[in-house]
Structure formats: C-alpha cells, structure tokens
Amino acid sequence: MDTAERRELMTRYTQEVVTDEELAEVLERESPSAYIGYAPTGEMHIGHFTTIRKLADFIRAGVDVTVLVADLHAHLDDEKSPFDLLDARTEYYQTAIEAMVDVAGADPDAIEFVQGREFELDQPYTLDLYRMLADTTISRAQRAGSEVVRQSDNPKLGGLVYTLMQSLDVAALDADIAYGGIDQRGIYMLAREMLPDYGYDKPVCVFAPLLSGLTEDKMSSSAPESKIDLTDDREAVREKLQQAYCPMGEAEDNGVLEYVRYLVFPLLEEDGDSFAVERPEKFGGDLVYEDYESLEAEFVSEELHPQDLKNAAADYIADAVAPVRERLLDDPELLAAAYPENYD
RNA sequence: CCGCUCUUAGCUCAGUCUGGCAGAGCAGUCGACUGUAGAUCGACUUGCCCCCCGUUCAAAUCGGGGAGAGCGGACCA
C-alpha cells in the first residue's frame, strides 16, 4: 500500500484533518502512532461505533493505535462516573471497544489499551500538569473544553483540569496523531498550542463527524430513543428506526442516512457486499445499492422511500450490533458492575 | 467561624408573604393525518412539595430541628 492509499484510508469518512501536510509527513515515519481517548462514563452507543470503526482503517494503514480509557477524566467531568465505579466502567469500555473493532474487521489485539491512572499520576506528567495549571487562564481552559465537559451553573475545577490533562495525554502516550470526534477539536487545538512550550511535538488531528440522533438534532445520552444502544436486540433496533426522523427526500440532518453512510456502508465494503432494500411490488420491487452516493441520490430524488430505507437500515444496523451485544451480555457481571443502577 | 438564599412532575420553574382539592411550560404516552418519522390538530399521564417534630379543623405554605446545594462576610499578626 503506497502513501497515497494510506492517506486516503486514514481520512475517509472524517470531518477534518489538521493538517493534511502534517499527516502526510507523519505517515512517512517508521512507525506512526495514533491515539483516541474515551472517558468511561455512560453506556456506549452506536454513535461511538462509527468513530471506533475507523480504528480498523488506521490499523490497516499501518498506524499503531492506542486507546486510552480515561477513567480519571470520567470523574473529573462533573463526577459523571462515581469514583468507585471507574475500574468497572474501564473494563466495560475496553470490552465494548474491542467488540466493535472486531466487527470492523480488525484484530482487537493490535490495539494497545491504557487506563488513565496508569500514567496520569506519575512524573513527569504531574509536573507538566502543574506547570500548565500555572500558566493557563480559566477562560482559556473553559473555552477549550466547552464542547466536551458538562456545562453547569456551578462548574467544578475538575472540568478545567480535564482539558489540560487531555492535552498532556497526547504527549505522554507519544502519539503522532490525536483522533476523536469533532467535539474534541477545542481541546486538541489547545494541545497544539501548548505542547511545544513544554518540549513536545504538536499532534496531527483527525476528527470524526458527530452523527445526528434519530429524533433530535444531536445525539443525546439523555434521550434514550434518539440512539441505538449496543445492547439493543433486532426488535429494539427496528422500533427505534421506525420512530426516527426521516423526511422524504431530505439528506440534511437525517440520522438514518448518516448511520447508513458512516457505519453500514463501510462495513459492507469490508466484505464486498452491497446494500439491499426489500420493497413491496406495488411500490416498485427490491433495490440494490453498490455505494452510498447512489443510495443518497435516489433518496433525494424520492425514488427511495423513507419506510423502505428504514426497514433495510434497521436490519443492517442490527447485524452490526449483534456481535457486540452478545459479547457484552456474555458476562452478566460486566454491565451490572459498571452500571449497578441500571442492571440489578 | 458568622450570615443569607435555594430544595415542588423526567427537565425548567410558579405557588409560600396572607394556611383551604398540587400547578404551568417543555418532555412523554395514545389517537387523527400522512406508504416512515416529524410538523399540525385532538385527548391523556406524570408527585416522598428534601427529612423529622410541632401549631392548626386544615400545612408545600406557619414555628423548631436536621440534611444537601449555592452565595456572601469575617479572619489575614
């Protein structure tokens, strides 16, 4: 695979790269590395799936991938995760991420998993952190994390320290590339600004798009009907897609189309399969799409009706989620320990 | 250490002064209309009024005690 192909693989289905030139330079190195961090807070859902699926692209492009399960961050962010549940949730996140990577067609063992507390309590990390705390204004840290850290009327210090720690994580994990959702942009721009002052390289950034929810503009963990959960069975997936906002002919802010584009098609391509739509004869009979663009074109032209799209998308999404679901439910203690309030 | 404010439906909050059936908006549920959903109509649901004790025929409301959260003051030789 030549560098051009690797760059294409690295950047497909992404929203932004900072910068393309730097990415090209990094890919020329001996063993380029990338990292993504997840704070183990609420249960993971299909929105995470699209972002994690791309890790398979990274691995295929010859990039070493580290996944940071940022347990301390999960508590620093307004105590989203109680301190006592950090280990259990870390274990759950790692298991879920491994299962999603597996579905994406990559070997989960190729990924290095790191728990935040393994290195965030040691020097020189802590010394660098105190130095950063000394010369970062409150408003700068607040702005960097405004899309990530929970906003409230009574913000805690933890939310500010959070952004500085995430910046340091990039350096401490020795990652050339910082990967994450576009909501992480503010923090990584802070990292690019500050890390050189402390003797570290500034990271290349690759950002995944944030997908629309099924019933709202953005996916919200507080709106259970707006997203597919990793533990949803086929029937639950169907019900949620049936309820999804999906105006005829409109591709903008259409969660159903977005899932098809960023999750279903990449997975189908992996196996060389096409997207098949079963459609009653009275509406014109079955349809087959080889790529997303042709599907969207027919949806926009109203040749493809939302109900038929939903039926097909539900089945493919259920197929993708099923192995993850089985893996998570295989160990009854996994979810019960991480979310005792949801699983008695 | 001292003082003040807040706590009511899933969420945001009215109601407390002056005691009298527990309220609004949003969310949610169900119908109608659409070959989906939404929008739009129509209907419906939602409670430890933070806890305990007292006053009263009657307490979300008044009095006392407590818990949690927030704000301010003081201390700075």
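Residue numbering restarts at 1 for every chain, and letters A, B, ... go by the order of the sequence lines.
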For the residue pair [X] and [Y], confirm or rule out a side-chain donor-acceptor distance under 3.5 Å.
{"X": "A:Asp253", "Y": "A:Tyr245", "answer": "no"}
{"X": "A:Gln151", "Y": "A:Gln142", "answer": "yes"}
{"X": "A:Gln184", "Y": "A:Gln166", "answer": "yes"}
{"X": "A:Gln94", "Y": "A:Glu98", "answer": "yes"}
{"X": "A:Gln307", "Y": "A:Asn311", "answer": "yes"}

When the [atom1] atoms of [N] and [M] are considered, how many whole Å apart are they?
{"N": "B:U56", "M": "B:C75", "atom1": "P", "answer": "46 Å"}
{"N": "B:G15", "M": "B:C71", "atom1": "C1'", "answer": "24 Å"}
{"N": "B:C30", "M": "B:G20", "atom1": "P", "answer": "37 Å"}
{"N": "B:C52", "M": "B:C41", "atom1": "P", "answer": "43 Å"}
{"N": "B:A74", "M": "B:C2", "atom1": "P", "answer": "16 Å"}
{"N": "B:U5", "M": "B:G63", "atom1": "P", "answer": "11 Å"}
{"N": "B:U61", "M": "B:C6", "atom1": "C1'", "answer": "16 Å"}
{"N": "B:C50", "M": "B:U7", "atom1": "P", "answer": "8 Å"}

Watson-Crick or G-U wobble partner of [N], both distances under 3.5 Å:
{"N": "B:C75", "value": "none"}
{"N": "B:C62", "value": "B:G54"}
{"N": "B:U12", "value": "B:A24"}
{"N": "B:G38", "value": "none"}
{"N": "B:U29", "value": "B:A43"}
{"N": "B:C48", "value": "none"}
{"N": "B:U5", "value": "B:A69"}

Item to complete: Tell me, with the steps shown, if A:Asp87 and A:Thr90 meet side chain to side chain donor-acceptor pair (under 3.5 Å).
Response: CA-CA 5 Å; A:Asp87 280 323; A:Thr90 296; 5.1 Å; no
Please report, rounded to the nearest Å, how far the [atom2] atom of [N] is from the [atom1] atom of [X].
{"X": "A:Gln242", "N": "B:U34", "atom1": "CD", "atom2": "C1'", "result": "13 Å"}
{"X": "A:Asp153", "N": "B:C71", "atom1": "CG", "atom2": "P", "result": "10 Å"}
{"X": "A:Lys240", "N": "B:A37", "atom1": "NZ", "atom2": "P", "result": "18 Å"}
{"X": "A:Leu241", "N": "B:G35", "atom1": "CG", "atom2": "P", "result": "21 Å"}
{"X": "A:Asp253", "N": "B:U36", "atom1": "CG", "atom2": "P", "result": "21 Å"}
{"X": "A:Glu79", "N": "B:A69", "atom1": "CD", "atom2": "P", "result": "10 Å"}
{"X": "A:Met248", "N": "B:U36", "atom1": "CE", "atom2": "P", "result": "8 Å"}
{"X": "A:Glu250", "N": "B:G38", "atom1": "CD", "atom2": "P", "result": "15 Å"}

Worksheet item: Should the pair A:Phe265 and A:Tyr292 be assigned to parallel (<30°), tilted (30 to 60°) or perpendicular (>60°) ring geometry?
Response: perpendicular
Quick check: does any side chain N or O of [X] sit under 3.5 Å from a backbone N or O of [Y], one acting as donor and the other as acceptor?
{"X": "A:Arg6", "Y": "A:Leu27", "answer": "yes"}
{"X": "A:His75", "Y": "A:Leu72", "answer": "no"}
{"X": "A:Lys202", "Y": "A:Met194", "answer": "no"}
{"X": "A:Thr136", "Y": "A:Leu133", "answer": "no"}

Could you write out each protein N or O paired with an N or O of nucleotides 39-48 of chain B at a distance under 3.5 Å?
none

Worksheet entry | A:Tyr179-A:Tyr35 aromatic ring centre distance below 6.0 Å | no
Worksheet item: Can you check whether A:Tyr92 and A:Tyr339 have ring centres sitting under 6.0 Å from each other?
Response: yes
Can you check nucleotides 5-8 of chain B for protein contacts, nitrogen or oxygen pairs under 3.5 Å, and list what you find?
none

Worksheet item: Contacts to RNA chain B from residues 294-316 of chain A, heavy-atom cutoff under 4.0 Å, which residues?
Response: A:His305, A:Pro306, A:Gln307, A:Asp308, A:Lys310
